[in-house]
Amino acid sequence: MSFRRILVTSALPYANGPIHLGHLVEYIQTDIWVRFQRLMGHRCVYVCADDTHGTAIMMRARQENTDEVSLINATQLQHMDDFSAFDVQFDHYGSTNSPANRELCGEIWRALRSSGMIREKEVTQLYDPQEKVFLADRFVKGTCPSCRAPDQYGDNCDKCGATYSPTDLIDPISALSGARPELRSASHLFVELEKLHAFLDQWTQEGDHLQAEVANYLKGHFLGQPLRDWDVSRPSPYFGFEIPDSPGNYWYVWFDAPIGYMAATKEWCEREKEDFDQWWKNPDTEIHHFIGKDITYFHTLFWPGMLKVAGFQLPTKIHIHGFLTVGGEKMSKSKGTFVRAATYLEHLDPAYLRYYYASKLGPRLEDLDLGLDEFVNRVNAELQNKVINLASRSARFLEASGLSVRYPEDGGRFEKGAQVGLEIAACYEQCDYGRAIRLIMELADEANAFVDLRAPWKLKKDPQQAQELQDVCTIAVNLFRQLAIYLAPVVPRLAQQVGELLNDPIWSWEQARQPLTGKALRTFQHLMKPVDPTKVQAMIESSKESNAASVPVPAIADSGQPLIDEPLCEMISIDDFTKVDLRVARVLAAEEVPEARKLIKLTLGLGGDVTRTVFAGIKQAYEPSRLTGRLVIVVANLAPRQMKFGLR
RNA sequence: GGGCCGGUAGCUCAGUGGUUAGAGCAGUCGACUCAUAAUCGAUUGGUCGCGGGUUCGAACCCUGCCCGGCCUACCA
């Protein structure tokens, strides 16, 4: 086995929201691979960073009345906490908004310039005069020019599937301010990717850098025609790095994001006194990117192109995975079907998710479905009942005696496990974790059958058979330890616990080839709890609440009965309406009115010291304790009057 | 419209030309009782999406269709 130097990255999560279970497919997949490589004795460094630039971050900072840097710093800390809680262990976790990244962007930019690949073109775009920003397609909404469906995004219609340019929309409005956008043109800088067409043809189709289906996809979709120029600049205002030789223009977020892989490596190198060029300019170093299929073209066309021109090492392999679906349905923020990492952690052990994902991940670009019943079932049936239980039923018998001094005759079981280990290792290497888990479970089944066959609980009753008991359990515990080693990339905490139990830390795959003997065992403690289905339900319930605001209103045909019961009031004039002073107010206090059936007494703050006391007829719908702090609309100039319960 | 991928037992999947298509889970029956009721044995269950073709032989290769997911670049 020759020594390998491997640099691994996961895609950079955007600093615009929390980590959710969809993100974790990728980070867990990558972390498993990294841990496996380390167990194999390879030098493997895993870096990542927050992706921090772009219009979305800028607008969010405006909305939250903060500045971008505070926003991205806070988000980065949250992301790091979430990853760490799921045992995703980076060697370095940086930010694209770093000096190292700015410097590397500059270096690559100069290379692109000097090779004559940058050209300038006028781009006419919709502009929001109120927010004073150019609007990306998704920030423009209007009526579809093809089917007249209202409220469609600027790039395509999700009603009829038509694609068009945002300027084609009928009655466009800015999704940011609601203002009517105007057409403006600005000068943008483009990378002429077509100049690298021959190189990209070769790189994508040869050398196993990509999964076969990805290579096919690129060939059929992009490489069969001239590659379009890639717009890599955005005019001010934009949160990002200003382009040194083009003042007022900024690098588009997708230009600096992948360079963030290098910047994170660089920061790690500086901290560890490593040579950066050893990692990005040495052909002996392998570079592996793990990404989701949505960002395929950035990583398989633009990114290799940039690296090539700037003289850096090209990726050895880009591992692309599918999306997470939950219960067979596409998971998306707008549908509100996502579970945040933090929410999961409030209810469940991260090892469950790591195991479940591993059991379902293959080398192909397929979506992974999280079936909640299957999740419970699978983790309990396999990890708990087969693997963990193997230790419970054998290690206890050894508490007094420890492991046998010589490894007993076991009918070739351990040796077979060692042989299968080679196959399991090959599966991990190829990211075929599902197959690896299946092989491990076969071994677990055989180990359990062995325990049943030799029935240590019977041996225990006869003091004459103490040696036999010790031998049988020594075999069982060694078979279990072999499984724990094979599962170590997936559930590292379990491996850690097994190392402690046996007074022999697990640190290398090779340990699975040599049985452990003569060791004393620590007192056995339960290694893991089974999944409690009620907690899975609780997690889903609390995710529903925290996402309530983003759940779209489903299409419902409401009954006409309420209108019949209570007809609309007579029309009022606009003058009447403007007399009503509507204000946003914060609920400072909310208390029960015990005597009232419908009322809750609210103390509302209008800002400063100005408050109002109102009685709201919402008792049947809301818990007073959950209203405090929320924002409500109040008629601020409604004359007070005496009510049975107090002043309104 | 075009492209990529998939459709195999109730569920999750394995199986890419060679005898009667497999595993785990679930179900059924039995055994065991060491283990957080876990485990072991046996067993039920499939016209391999549909049609056509190639072949001595097709789940597998070719072709048409049906169904599902995703992609379709200056969106992150």
Side-chain angles (χ1 to χ4, degrees), chain A residues 12-17 51 53-57 121 123 125 135-140 153-156 161-163 165-166 188 190-191 193 211-222 224 227-234 252-255 257 293-298 301-302 322-323 325 328-330 333 356 359-360 362 364-367 369 371 373-375 377-378 380-382 384-386 388-397 434-435 437-439 441-442 444-445 447-461 469 472-473 476 524 526-530:
Chain A
L12 313 185
Y14 200 52
N16 190 23
D51 179 17
H53 292 154
T55 311
I57 298 284
K121 284 195 280 192
V123 172
Q125 239 184 325
L135 294 165
D137 293 356
R138 64 174 308 183
F139 291 119
V140 187
Y153 285 115
D155 46 0
N156 70 319
T163 57
S165 136
H188 285 229
F190 290 76
V191 174
L193 207 62
Q211 288 130 299
E213 62 268 38
V214 177
N216 288 343
Y217 157 68
L218 294 172
K219 189 177 184 178
H221 214 271
F222 299 101
L227 294 163
R228 295 192 201 171
D229 293 343
W230 183 33
D231 185 352
V232 292
S233 78
R234 294 292 182 274
Y252 173 47
V253 56
W254 263 111
F255 178 81
K293 63 185 179 181
D294 51 335
I295 55 179
T296 296
Y297 62 81
F298 292 105
L301 298 175
F302 304 135
F323 292 147
T325 56
E329 288 198 344
K330 186 180 173 183
K333 198 168 184 175
Y356 181 78
S359 76
K360 300 203 61 157
R364 307 282 301 280
L365 192 160
E366 282 169 344
D367 288 350
D369 185 52
D373 292 340
E374 193 204 350
F375 171 79
N377 198 293
R378 183 155 209 150
N380 285 345
E382 298 181 2
Q384 280 297 327
N385 298 350
K386 288 183 182 182
I388 304 277
N389 185 46
L390 189 57
S392 300
R393 65 192 308 213
S394 54
R396 285 173 202 273
F397 294 119
R435 182 188 287 269
I437 295 290
R438 280 196 301 280
L439 290 170
M441 287 310 125
E442 277 179 34
D445 283 341
N448 274 305
F450 168 79
V451 174
D452 242 68
L453 181 72
R454 304 288 287 269
W457 56 93
K458 285 184 184 162
L459 301 173
K460 193 189 177 190
K461 289 174 185 162
L469 173 66
V472 166
C473 293
F524 183 81
H526 292 309
L527 298 169
M528 197 182 283
K529 286 183 182 165

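Chain A is the first sequence line, chain B the second, and so forth, proteins listed ahead of strands; every chain is numbered from 1. Predicted, not measured: the structure shown is a model, and the values here were computed from it.
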query: Tell me: CG of N385(A) to C1' of rA26(B), nearest whole Å?
result: 13 Å

- prompt: Rounded to the Å, how far apart are D452(A) CG and rC40(B) P?
  reply: 7 Å

statement: Winner on side-chain proximity to R234(A), out of rC40(B), rC34(B), rA76(B), is rA76(B)

query: On a whole-Å scale, what distance lies between the C1' atoms belonging to rU20(B) and rG57(B)?
result: 15 Å

- prompt: If the C1' atom of rG3(B) is compared with that of rG24(B), how far apart are they to the nearest Å?
  reply: 35 Å

query: Relative to each other, are the rings of F190(A) and H188(A) parallel, tilted or perpendicular (30° and 60° limits)?
result: tilted

task: Please work out which of the three classes, parallel, tilted or perpendicular, describes the rings of W254(A) and F298(A), given edges at 30° and 60°.
output: parallel

- request: Classify the ring geometry between F222(A) and Y297(A) as parallel (under 30°), tilted (30 to 60°) or perpendicular (over 60°).
  value: tilted

- prompt: Roughly how many Å is it from CZ in F298(A) to C1' in rA73(B), rounded to a whole number?
  reply: 7 Å

message: How many whole angstroms separate atom CE of M441(A) from atom P of rA14(B)?
response: 17 Å

field: Whole angstrom value for the distance that separates P of rA38(B) from NZ of K529(A)
entry: 16 Å

task: Measure the distance from CD on E442(A) to P on rC13(B) and round it to the nearest whole Å.
output: 18 Å

- prompt: Want to settle it: does V214(A) or W230(A) sit nearer the 5' end of RNA chain B, counting the closest nucleotide to each?
  reply: V214(A)

- prompt: Do NZ/NE/NH1/NH2 and the carboxylate oxygens of D367(A) and K293(A) come within less than 4.0 Å?
  reply: yes

query: Which nucleotide, rC4(B), rG6(B), rU39(B), lies nearest any side-chain atom of E366(A)?
result: rG6(B)

- prompt: For atom C1', what is the distance between rA38(B) and rA76(B), given to the nearest Å?
  reply: 47 Å

message: Let's test this: given Watson-Crick or G-U wobble pairing with both distances under 3.5 Å, identify the partner of rC75(B).
response: none

task: Could you pick out which residue, L365(A) or T55(A), lies toward the 5' side of RNA chain B when each is mapped onto its nearest nucleotide?
output: L365(A)

task: May I ask which nucleotide in the shown strands pairs with rU33(B), Watson-Crick or G-U wobble, both distances under 3.5 Å?
output: none

query: Quantified in whole Å, what is the C1' atom distance between nucleotide rC75(B) and nucleotide rG6(B)?
result: 27 Å

- prompt: Looking across every strand, which nucleic acid part, if any, lies under 4.0 Å from K360(A) by heavy atom: base, sugar-phosphate, or nothing?
  reply: sugar-phosphate

- prompt: When you measure from the side chain of W457(A), which nucleotide among rU12(B), rA35(B), rC34(B) comes out closest?
  reply: rC34(B)

query: Does N389(A) get its side chain close enough to the base of rA38(B), under 3.5 Å, for a donor-acceptor pair?
result: no

- request: Taking only the side-chain heavy atoms of R228(A) (C-beta and beyond), determine which of rC13(B), rC34(B), rC74(B) contains the nearest atom.
  value: rC74(B)

field: Nearest-Å distance once atom C1' is located in both rC13(B) and rA21(B)
entry: 14 Å

- prompt: Counting just side-chain N and O atoms, does R435(A) come under 4.0 Å of either OP1 or OP2 of rG15(B)?
  reply: yes

- prompt: What integer number of Å spans the C1' atoms of rG45(B) and rG64(B)?
  reply: 32 Å

- prompt: CG of D369(A) versus P of rC11(B): gap in Å, rounded?
  reply: 13 Å

message: My understanding is that a pair needs two contacts under 3.5 Å, Watson-Crick or G-U wobble. By that rule, which nucleotide pairs with rC4(B)?
response: rG69(B)

message: Among rC70(B), rA76(B), rA73(B), which nucleotide has an atom closest to any side-chain atom of W254(A)?
response: rA76(B)

message: So does H53(A) get a backbone contact from the side chain of Y14(A), meaning a donor-acceptor N/O pair under 3.5 Å?
response: yes

Strand partner of rA38(B), provided both Watson-Crick or wobble distances fall under 3.5 Å: none

Heavy-atom neighbours of D373(A) CG exceed 12 at 6.0 Å: no

message: Strictly distance-based, threshold 3.5 Å: is any side-chain N or O of Q384(A) a donor or acceptor partner for the main-chain N or O of N389(A)?
response: no

query: Contact class for V253(A) vs. all strands (heavy atom < 4.0 Å): base, sugar-phosphate, or nothing?
result: sugar-phosphate

query: Does rU55(B) have a Watson-Crick or wobble partner in any strand here, with both distances under 3.5 angstrom, and which is it?
result: none

Q384(A) CD to rC25(B) C1', straight-line distance once rounded to whole Å: 16 Å

message: Quick check against the 3.5 Å criterion: does N16(A) have a side-chain atom that pairs as donor or acceptor with the backbone of I57(A)?
response: no

- prompt: Contact class for A449(A) vs. all strands (heavy atom < 4.0 Å): base, sugar-phosphate, or nothing?
  reply: sugar-phosphate

Watson-Crick or G-U wobble mate for rG27(B), both contacts under 3.5 Å: rU43(B)

- prompt: Looking only at side-chain N and O atoms, does R364(A) come under 4.0 Å of OP1 or OP2 in rG6(B)?
  reply: yes

task: Indicate, with a heavy-atom threshold strictly under 4.0 Å, whether P456(A) touches base, sugar-phosphate, or nothing.
output: nothing

message: What contact category does D229(A) fall into here, base, sugar-phosphate, or nothing, at under 4.0 angstrom with non-hydrogen atoms?
response: nothing

message: Under 4.0 Å, heavy atoms only, any strand: does L527(A) hit a base, just the sugar-phosphate, or nothing?
response: base

- prompt: Of the candidate nucleotides rU12(B), rA38(B), rC25(B), which contains the atom at the shortest distance from the side chain of E374(A)?
  reply: rU12(B)

- request: Just name whichever nucleotide pairs with rC50(B), Watson-Crick or G-U, keeping both distances under 3.5 Å, else none.
  value: rG64(B)

query: Y252(A) side chain: which of rG24(B), rC75(B), rC5(B) is closest?
result: rC75(B)

message: Closest approach to the side chain of H526(A), judged atom by atom: which nucleotide of rA35(B), rC70(B), rC4(B) is it?
response: rA35(B)

- prompt: Which listed nucleotide (rA14(B), rU39(B), rC5(B)) is nearest to the side chain of N216(A)?
  reply: rC5(B)

task: Could you give the distance separating rG49(B) and rA14(B) at their P atoms, to the nearest angstrom?
output: 14 Å

- request: Rounded to whole angstrom, note down the C1' distance from rG1(B) over to rC62(B).
  value: 25 Å

query: Which nucleotide in the list rA73(B), rG15(B), rU36(B) gets nearest to the side chain of I388(A)?
result: rU36(B)

V451(A) to A476(A) - nearest heavy-atom pair and separation: CG2-CB, 3.8 Å

